[in-house]
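A short write-up of the structure that comes next.
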Amino acid sequence: MYGPGDHNPLSPARTGRTATDIAASKGERRLAMLTAYDYPTALALDGCGLDLILVGDSLGEVELGFPSTRDVSVEMMCHHIRAVAHGATRTHIVGDMPADSYRTPDEAVATATRLVEAGADSVKLEGAMVPEVLAIIDAGIPVMGHVGLLPQTHEERRRRGKTPEEAEAINADAIALAEAGCYAIVIEAVDPEVSGRITAAVGVPTIGIAAGAETDGQVLVSTDLIGQLPEPPRFVTPKANVFQTVIDAGVAFAREVRGEVPAGTRS
Ligand code: KIV
């Protein structure tokens, strides 16, 4: 029976960290998580020493060109989780629950089950959805929480936790999620001092994005890390320029086809 800490039985070859391992790594190991949405990226990232691969609903914005993550459906998530699971046969895969797919505990369990059937080892959802988290865990599926900036509901993309009231609300959300049984919690775009306080307050690892260095790990959108789109967010220093590499390859191919350079010549 599939349960917290086990690998997805549909991916028996997966040998990476389980949700239980991740939860136990607090204070022992800093966690590295990157997103992936397709087979080739997952294949490449699977051997990088990452702790987790997240099939994020950022899929909508960075891979499908939608204006918002809200445009992503459960079907789309399953389609991309399947592709990632084919490429990443070892690393723990987290499937993001898209907007409006976990409005009640029953709906949350149905969605989480579909993501696991597609190949996810655990699921992530946004906000202090405690009854939904409890129901999913009760169904045997590990859950990662997500606090701070919640792109599925917050229109304004600004750093959170700048006022004492907002900081306290985020802190309370994180504590509620940890108490509900989440094995790790993403903290997105939160004042670094507040993320540090949350990290000290909860017993499970926090994984930050634009939330300072005081978290137990870091997550980035891989598209930003590898420079696959022309304008990465300001908090990311891309480690490659895949956008330019694709342009260079396309131009070289077009010139070669037209006989402007001998076949096999670079540029
Ligand atoms: O969808 C996503 O990529 C995410 C990360 C920003 C954590 O939720």
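For this chain, numbers begin at 1 and follow the sequence in order. Small disclaimer: the values here were computed from a predicted structure and weren't measured. Counting starts at 1 for both ligands and their atoms, in listed order.
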Got a salt bridge between K124 and D57, using NZ or NE/NH1/NH2 to carboxylate O under 4.0 Å? no
Any heavy-atom pair between the side chains of P151 and E126 that's under 4.5 Å? yes
Collect the protein residues that have a non-hydrogen atom under 4.0 Å from ligand 1 and hand them over in chain and number order. T35, L54, G56, D57, S58, D96, K124, H146, V186, E188, I209, V221
Ion pair present between R29 and D51, side-chain N to carboxylate O less than 4.0 angstrom? yes
Regarding E166 and K162, does a basic nitrogen lie under 4.0 Å from an acidic carboxylate oxygen? no
Treat each ILVMFWY residue as a node, draw an edge where side-chain heavy atoms are under 4.5 Å apart, and state whether Y39 and V55 are in one component. no
Under a 4.0 Å threshold between the charged nitrogen and the carboxylate oxygen, would R103 count as salt-bridged to E132? no
